[in-house]
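Side chains are part of it too, since the values below use all heavy atoms of this structure and drop only hydrogens, waters and symmetry mates. Numbering of residues begins at 1 and proceeds along the displayed sequence.
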Amino acid sequence: MQTQLRVLQSNGVLGDWAANVQQLTTAAEQAQRDGVACLVPPALALCGSPVAGDYVLRPSFLAAVQTALHQLISASTAWPDVALVLSYPAVQDGVLVHAVSVVRNGAQIAHGGQQHLQGDAALLRHCQPMVAAPCQFSIGATRLAVLLGQDALTPACAHAAAACAQVIVALPLQAFHAGQPQALEAALAAQAQAVQRPMVSSQWAGGFDHWVFAGGSVASNRHGHVVQRLEYFVAACADITIKNDDLSANSLYPVPEPLCILWQALVQAVRDYVEKNRFPGVLLGLSGGIDSALVLAIAVDALGPQRVRTVMMPSPYTADISWKDAQAMADGLGVRHDVIEITPQVQAFETALAPLFAGTQMDTTEENLQARCRGTLLMALSNKFGHVVLTTSNKSEVAMGYGTLYGDMAGGFAVLCDVWKTEVFALARWRNAHDPLHTGLVAPIPERIITRPPSAELRPDQKDEDSLPPYEVLDALLRQYLEHNASPAQLEAAGYAPEVVAKTLRLLRLSEYKRRQGPGGPRLSPTAFARDWQIPMTHRFTG
């Protein structure tokens with residue numbers, strides 16, 4: 001006797017109740033026609049997103065969840081042989097919990113909730129653990145247990161196995177960061193082997209504000225061997241055969257290389273932010289430098305050239321090769337490219353300020369006027385035509401405060417805010433050598449943009465390394481400090497010059513007020529600014 005189970009890897013929109021219910025109904029009706037006995041969408045599929053934030057505190061939101069649940073219960077009489085697994089936020093006994101129900105033929109046949117929340121606190125920060133037996137139900141002769149979030153990686157999994165569950169259905173809620181899909185897959189497989197039960201997972205695949213979810217839903221047999229892996233970053237479904245208390249499947253998508261995964265995450269984040277917020281397209285300042293070039297390549301892969309617009313805004317310090325390289329890249333990708341000379345605007349500001357600046361020397365104030373003129377022009381175009389402005393500062397610059405408030409930091413989505421400068425170069429070279437989305441755009445970034453020394457071009461012959469350590473040194477130092485909590489003494493013991501350590505950490509601390517005012521962007525690491533790195537703006541701690 002064998003049973004078919006279908007994993008539904010989804011990408012939805014929070015609060016789009018009609019669309020979410022319709023998607024689940026359509027999938028269940030198709031499962032009925034195909035003889036599939038159980039349909040497993042990802043956690044919180046009723047909400048359309050794994051991230052609901054503070055909406056879960058609003059009675060109207062929770063009421064809408066219950067309405068959607070009852071709509072699906074009523075609709076399930078049209079597919080009586082399919083058990084549909086649904087998780088959702090709910091208030092039970094006066095406490096907000098992450099609950100799960102199994103719906104079949106007009107009724108809830110099983111119920112439970114998440115018992116361990118530690119690893120999912122960022123996504124479920126208002127929920128409380130649910131003290132209950134694991135949610136269990138039967139399809140045919142097979143007994144299944146549903147474990148939410150972190151539960152599949154805790155003793156709750158062994159408890160479910162001990163309670164006669166023959167198959168574990170895991171609905172994890174881990175957001176993407178570099179290495180996360182592979183680490184989660186390995187952890188689920190190891191748990192399957194430990195409890196000697198096959199395990200099936202269903203995961204989200206898409207961008208949700210700054211959160212990105214990788215997909216890659218996996219299934220492992222009772223020996224911990226992965227028998228199914230769905231493609232990363234796409235909505236998909238796949239069937240699994242349950243026979244003799246074990247699994248078989250025929251969709252083992254290969255794991256891409258790390259830079260490919262990072263590229264796909266960035267593309268998915270941009271595409272979903274634009275699509276789900278219904279922007280007609282995107283707009284960015286194209287400077288002829290590596291960061292804006294990389295953002296442009298990501299945007300075109302995400303949206304196509306017709307929905308991407310670039311603007312070159314030269315000043316007297318803009319090198320001729322910057323003009324030429326920006327134009328060449330825009331022409332090669334087929335995007336609209338405009339040029340607006342900012343010298344008149346900068347001079348107007350300088351003239352207006354001259355009486356107040358009398359007796360002072362030129363410094364970064366005048367440099368910032370250039371950036372702020374550019375930001376004003378981009379935001380004016382955004383207001384007029386509706387395109388969201390993509391900012392282009394990378395994580396290294398954000399860390400050091402090398403961005404101008406209301407200038408190059410002005411915009412709606414910071415694509416590279418969690419991408420180190422060294423990763424920017426690596427991604428540019430990788431994209432020039434690969435066409436991951438089969439767009440036909442080969443080597444989109446001119447080689448000279450990659451090989452030129454980075455510069456903001458706000459004064460004559462300016463180079464980033466005039467005032468910063470080489471990015472290879474800077475990024476490695478910051479990684480040790482941010483990701484491994486290294487102290488200044490430990491950094492010096494690791495070989496970093498004391499003056500470099502002191503200056504770097506000083507700039508990091510001083511720039512916190514800027515980061516608080518910058519636009520959001522995709523979280524790609526466990527130490528993303530604004531989400532994972534949170535320090536006071538006012539303090540005197542130097543450790």
Does the side chain of V270 come within less than 4.5 Å of F413's, by heavy atoms? yes
With no hydrogens and no angle check, do the side chains of K395 and S525 hold a donor and an acceptor under 3.5 Å apart? yes
Keeping S511 on the side-chain end and L508 on the backbone end, is there a donor-acceptor pair under 3.5 Å? no
Could you go step by step and tell me if H126 and D54 meet the side-chain hydrogen bond (donor to acceptor under 3.5 Å, both in side chains) rule? CA-CA 8 Å; H126 298 299; D54 291 349; 2.5 Å; yes
Y406 OH to M379 CE distance, which is reported to the nearest 0.5 Å: 13.5 Å
Answer whether the closest heavy-atom distance between the side chains of V389 and L284 falls below 4.5 Å. no
Side-chain contact, heavy-atom cut-off 4.5 Å: V388 with L283? no
Using modelled atom types and a 3.5 Å cut-off, is there a donor and acceptor pairing between side-chain atoms of Q480 and backbone atoms of L491? no
Please tell me if the side chains of L124 and V56 come closer than 4.5 Å, counting only heavy atoms from C-beta onward. no
So for atom CZ, which belongs to R516, do other residues, nucleotides or ligands contribute more than 12 heavy atoms lying within a distance under 6.0 Å? yes
One thing to verify: whether R372 and E366 come together as a salt bridge, which I'm taking to mean a side-chain N less than 4.0 angstrom from a carboxylate O. no
Can you list the steps and then say if L294 with T392 is a side-chain contact (heavy atoms from CB on, under 4.5 Å)? CA-CA 8 Å; L294 185 66; T392 61; over 6 Å; no
Keeping the roles fixed (side chain from T360, backbone from F357), state whether a donor-acceptor pair exists under 3.5 Å. yes
Identify the heavy atoms of H177 and P181 that sit nearest to each other, and give their distance. O-CD, 3.8 Å
Between V398 and N394, is the side-chain contact (heavy atoms from CB on, under 4.5 Å) condition met? List the steps. CA-CA 6 Å; V398 171; N394 59 68; over 6 Å; no
Taking atom OG1 of T343 and atom OH of Y317, what is their separation to the nearest 0.5 Å? 9.0 Å
Can you tell me if R515 uses its side chain to pair, donor with acceptor, with the backbone of A399 under 3.5 Å? yes
Shortest non-hydrogen separation from L427 to L259 and the atoms involved: CD2-O, 3.8 Å
Would you say the rings of F233 and F176 are close, in the sense that their centroids are separated by under 6.0 Å? yes
Close side-chain approach of L117 and C127, heavy atoms under 4.5 Å: yes
Which is it for Y253 and L230 under the side-chain contact (heavy atoms from CB on, under 4.5 Å) test, yes or no, and what are the steps along the way? CA-CA 6 Å; Y253 190 81; L230 294 188; 6.0 Å; no
So how far is it from L153 CG to L184 CG, rounded to the nearest 0.5 Å? 6.5 Å
Donor + acceptor pair across side chains of E367, T365 (<3.5 Å): no
Do S10 side-chain atoms and G48 backbone N/O form a donor-acceptor pair below 3.5 Å? no
Nearest heavy-atom pair of W204 and L44: which atoms, and what distance? CZ2-O, 3.6 Å
Note: R307-E275 ion pair, threshold 4.0 Å (strictly below): yes
Roughly how far, to the nearest 0.5 Å, is the CD1 atom of I449 from the CG atom of D325? 4.5 Å
Do F208 and Y273 touch side chain to side chain, with heavy atoms closer than 4.5 Å? no
Rounded to the nearest 0.5 Å, how far apart are OH of Y232 and CD of Q9? 10.0 Å
For the CG atom of D272 and the CG atom of N277, what is their distance to the nearest 0.5 Å? 10.0 Å
With no hydrogens and no angle check, just 3.5 Å: does a side-chain donor-acceptor pair link S322 and R452? yes
Could you walk me through whether Q228 and S220 satisfy the side-chain contact (heavy atoms from CB on, under 4.5 Å) test, starting with their C-alpha distance in whole Å, then the side-chain angles of each, then the deciding distance to 0.1 Å, before giving a yes or no? CA-CA 7 Å; Q228 174 191 272; S220 303; over 6 Å; no
Short question: side chain of N432, backbone of I445 - any donor-acceptor pair under 3.5 Å? yes
Closest approach of G386 to P280 (non-hydrogen atoms, all atoms of both residues): O-CD, 3.3 Å
Determine which pairs satisfy salt bridge (charged side-chain N to carboxylate O under 4.0 Å, His left out) with at least one residue from residues 340-362, sequence neighbours left out, and list them in order. none
Using a cut-off of 6.0 Å, state whether more than 12 heavy atoms not belonging to Y55 lie near its atom OH. no
Give a yes or no on whether a salt bridge exists between E499 and R506, defined as a side-chain N under 4.0 angstrom from a carboxylate O. no
Minimal heavy-atom distance between L173 and H98, with the atoms involved, is CD1-CE1, 3.8 Å
Crowded around Q361 CD? As in, over 12 foreign heavy atoms under 6.0 Å? no
Scan L474, L468, D475 and name whichever one has a side chain to side chain contact (heavy atoms under 4.5 Å, CB included) with K421. D475
Only one of L416, D418, T422 forms a side chain to side chain contact (heavy atoms under 4.5 Å, CB included) with W420, so which one is it? T422
Between S202 and S217, is there a side-chain donor-acceptor contact under 3.5 Å, judged purely by atom types and distance? no
Geometric class of the H434/W430 ring pair [parallel <30°, tilted 30-60°, perpendicular >60°]: parallel
Using a strict 4.0 Å threshold on nitrogen-to-oxygen distance, state whether K276 and D209 make a salt bridge. no
State whether a side-chain donor-acceptor pair under 3.5 Å links S382 with H387. no
How about E185 and V226: do any of their side-chain heavy atoms sit closer than 4.5 Å? yes
Flag the pair R271 and D301 as a salt bridge only when some basic side-chain nitrogen lies within less than 4.0 angstrom of an acidic carboxylate oxygen. no
